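Written below as structure tokens is the structure these notes are about.
Each chain gets a letter, A, B and so on, in the order its sequence line appears, and its residues count up from 1. Note that the structure is a prediction, hence the values are computed from the model and not measured.
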Amino acid sequence: MAEIIRSVKGTRDFYPDEMARRQWLLGQIRETSELFGYQYYDGPCLESIELYAAKSGEELVKEQSFVFPDRSGDLIALRPELTPTLARMVAQKQNELFFPQRWWSFGPFWRYERPQKGRTREFFQWNIDLIGADSLLADAELIALAASFLQRVGLSPDQVSVRVNHRAFANSQLMKLGLNPDQVKEMLRLIDRIDKLPPEIWKEKVLELGIDTLCFEQIQALLADLSLWEESEQLCGIFQHVQHLGLGEYICYDPSITRGLDYYTGTVFEVHDNAGEFRAILGGGHYGNLVADVGGRELAGVGFAMGDVVIDLVLQKFNAYPQELLANDGVFVTIFDEELHAKSELLAAKLRGAGLKTVLPVEIEKLGKQLKYADRVNMRFVLVLGPDEAKAGKVMVKDLVKRDQTLVGEEDLISFLKSAGLPKA
RNA sequence: GUGCCUGUAGCUCAAUGGCAGAGUGCUUCACUGUGGAUGAAGAUGUUGAGGGAUCGAGACCCUUCAGGCACCCCA
């Protein structure tokens, strides 16, 4: 046998089981987004490299994007993120759009990275943005929306939380300690990495910025002070609004959240599992100027992105996927023999006509085998139409879940099946 | 891109440098009008791939591919 050609590194195959989970997740995302009045949109998967050169510029495009020349030689990138596309789409229609706009999207993205747990080269991402709003209420809405999603999929505040910080607030705290703007910027990046580096190494890197020991200790004190947020008018406001929206249990202040992306200027937040087992589930924040880099006028907004990979791991870990994903909701019409074959086909057609999920064998096998197959493909009912039933004008309806069977008259069959809850919504 | 760990049946894993195995799953039968259970029988491998040292390699060495973990970066 020839060797099976391997799939591309970092990509995933979605067999029916995985596809069912993906579809369920998309459903939760759609329902959450629409519940808050957000509209579905999408951009192209292919973008000119210049779109990213303007903004993301850094490592994301240079090192981590799939880039290739098209037949005319132009450099094309498989989109590594959606924000630049969003910025372009908004800038193109800036004069005709009214604000704020509430938009959400779900689609594939590609990053040329080393695959590991929670990270693949091809992944799906939920993007959601409130564009053209520059208020605490906007920030609070997105945080509440994230929390609402967590609640909807059945993740509790004990398991996951939205960790919130504020860039400008963190900046001002560091400025107060006498750091210059360059040091502040570098310091925020280091704070972001504090959990990943051993304490000695981390201290070493801080001191390399030209920060003295006294100042280092003051920074440590800031990071240890979990009620520091009370000094921030913005954070106080956001926490209060999210509280009013009924989702306060999910949020907390976390001074180590700073976000790597430069365009965040205000509130920043990430969702993590509380045990710290997985990487960030979702991340986002407030940006002061979305569209300037692609040629538009200044426009603020707030948004976040969630990849499908980590949330899938978390949902599996906490058994949050519903059992009904593998629900038994179909009808299997057995074929007794050649003679009764046509009768079974007529019955199947009738059931399909009534909107019931109906499977008919494509080979006539022993009844035991047909039953076993019906069981394995998660059918709910098996219909047996043998000589006895045919003579009596009835059908034997076998319930694979309840493990019993009932003789039902042909004319009552559809109402019988529907009263048992078929078809599923 | 950097460092470390791991690749044996579809899956989970055994096997002092000396005949490649178990569990599970799969197929068939016991069961010629009834699924999961039980019992019996059966099939399945270039030990990820390529090279090397050795009388002899699944094991040791080199290369490569894939996966995992940490860094980098980020969803």
Quick check on the 6.0 Å ring-centre criterion: do A/Trp104 and A/Tyr41 meet it? no

When A/Val382, A/Leu351, A/Val384, A/Val359 are each screened for side-chain contact (heavy atoms from CB on, under 4.5 Å) with A/Val333, the one that passes is A/Leu351

Side chains of A/Lys398 and A/Arg403 in contact at under 4.5 Å (non-hydrogen atoms): no

Is the base of B/rU34 touched by the side chain of A/Lys398 through a donor-acceptor pair closer than 3.5 angstrom? yes

For a quick test of your reading: what N or O donor-acceptor pairs under 3.5 Å do the side chains of residues 139-155 of chain A make, sequence neighbours left out?
| unit_1 | atom_1 | unit_2 | atom_2 | d |
| --- | --- | --- | --- | --- |
| A/Asp139 | OD1 | A/His286 | ND1 | 2.9 |
| A/Asp139 | OD2 | A/Thr267 | OG1 | 2.5 |
| A/Glu141 | OE1 | A/Arg102 | NH2 | 3.2 |
| A/Glu141 | OE2 | A/Tyr38 | OH | 2.6 |
| A/Glu141 | OE2 | A/Arg102 | NE | 2.8 |
| A/Glu141 | OE2 | A/Arg102 | NH2 | 3.4 |
| A/Arg152 | NE | A/Thr32 | OG1 | 3.4 |
| A/Arg152 | NH1 | A/Glu31 | OE1 | 2.6 |

Throw together a table of side-chain donor-acceptor distances under 3.5 angstrom for residues 388-397 of chain A, partners on residues two or more places apart or in other chains.
| unit_1 | atom_1 | unit_2 | atom_2 | d |
| --- | --- | --- | --- | --- |
| A/Glu389 | OE1 | A/Gly386 | N | 3.0 |

Grab the N/O contacts between the protein and nucleotides 24-28 of chain B below 3.5 Å, and write none if there aren't any.
| unit_1 | atom_1 | unit_2 | atom_2 | d |
| --- | --- | --- | --- | --- |
| B/rU28 | OP1 | A/Lys369 | NZ | 2.2 |

Those residues of residues 161-168 of chain A lying under 4.0 Å from RNA chain B by at least one heavy atom: none

Measure NZ/A/Lys391 against C1'/B/rG33 and give the value in whole Å, please. 13 Å

Measure from CD on A/Glu81 to P on B/rA75 and round the result to the nearest Å. 8 Å

Once you round it to whole Å, what is the distance between P of B/rC69 and CD of A/Glu277? 10 Å

Ring pair (Phe, Tyr, Trp, His ring centres under 6.0 Å) with A/Phe239: which residues, sequence neighbours excluded? A/Trp229

Spell out yes or no: do the side chain of A/Glu113 and the base of B/rA75 have one donor N/O and one acceptor N/O closer than 3.5 Å? yes

What are the residues of residues 194-208 of chain A, sorted by number, that bring a heavy atom to within less than 4.0 Å of RNA chain B? A/Lys196

Could you tell me whether A/Asp312 and A/Lys317 have a side-chain N and a carboxylate O separated by less than 4.0 Å? no

Tell me: CG of A/Leu371 to P of B/rC31, nearest whole Å? 17 Å

By centroid distance (under 5.5 Å) and plane angle (under 30°), are A/Phe123 and B/rA75 in a stacked arrangement? yes

So does A/Glu389 reach the base of B/rG33 with its side chain, donor to acceptor, closer than 3.5 Å? yes

Considering just the side-chain nitrogens and oxygens of A/Gln370, establish if one lies under 4.0 Å of OP1 or OP2 belonging to B/rU34. no

Side chain to side chain donor-acceptor pair (under 3.5 Å): which pairs involve residues 115-129 of chain A, sequence neighbours left out? A/Ser33-A/Trp126, A/Trp110-A/Glu122, A/Gln116-A/Arg279, A/Gln125-A/Asn127, A/Asp129-A/Tyr287

Please walk me through it: do A/Gln64 and A/Glu113 pass side-chain hydrogen bond (donor to acceptor under 3.5 Å, both in side chains)? CA-CA 6 Å; A/Gln64 299 193 332; A/Glu113 295 186 284; 3.2 Å; yes

Tell me: CZ of A/Arg111 to C1' of B/rC74, nearest whole Å? 5 Å

Checking A/Thr258 side chain against A/Leu188 main chain: does a donor-acceptor pair fall under 3.5 Å? yes

In whole Å, I'd like the distance from the CD atom of A/Gln125 to the P atom of B/rC74. 13 Å

Which pairs would a plain distance check flag for residues 300-309 of chain A, meaning a side-chain donor or acceptor within less than 3.5 Å of a matching protein atom at least two apart in sequence or in another chain?
| unit_1 | atom_1 | unit_2 | atom_2 | d |
| --- | --- | --- | --- | --- |
| A/Asp308 | OD1 | A/Arg12 | NH2 | 3.3 |
| A/Asp308 | OD1 | A/Phe124 | N | 2.8 |
| A/Asp308 | OD2 | A/Arg12 | NH1 | 3.0 |
| A/Asp308 | OD2 | A/Arg12 | NH2 | 3.1 |

Please convert RNA chain B into dot-bracket. A pair counts if it is Watson-Crick or G-U wobble with both distances under 3.5 Å; crossing pairs go in [ ] and bases paired with another strand get |. (((((((..((((....[..)))).(((((.......))))).....(((((..]....))))))))))))....

5'-most contact on RNA chain B (nearest-nucleotide basis), A/Tyr264 vs A/Gly10, goes to A/Gly10

Does A/Arg189 have a side-chain nitrogen or oxygen under 4.0 Å from the phosphate oxygens OP1 or OP2 of B/rC73? yes

Across all chains, not counting sequence neighbours, the side-chain hydrogen bond (donor to acceptor under 3.5 Å, both in side chains) partners of A/Arg88 are A/Glu47, A/Gln92

Specify the separation, in whole Å, of atom CG of A/Asp308 and atom P of B/rA75. 14 Å

Taking 4.0 Å as the cut-off, does a side-chain nitrogen or oxygen of A/Arg279 come that near to OP1 or OP2 on B/rC73? no

Rounded off to whole Å, could you give me the CG-to-P distance for the A/Asp129 and B/rA75 pair? 12 Å

So the ring pair (Phe, Tyr, Trp, His ring centres under 6.0 Å) pairs with at least one residue in residues 381-408 of chain A (sequence neighbours excluded) are none

Taking side chain as C-beta onward, heavy atoms only, is A/Arg114 less than 4.5 Å from A/Lys9? no

Salt-bridge present (A/Glu410, A/Lys343; N to O < 4.0 Å): yes

Identify each atom pair where a protein N or O and an N or O of nucleotides 2-4 of chain B are less than 3.5 Å apart, giving names and distance.
| unit_1 | atom_1 | unit_2 | atom_2 | d |
| --- | --- | --- | --- | --- |
| B/rU2 | O4 | A/Arg114 | NH1 | 3.0 |
| B/rG3 | O6 | A/Arg114 | NH2 | 3.3 |

Upstream residue (5' side of RNA chain B) when A/Gly386 and A/Val310 are each assigned their closest nucleotide: A/Gly386

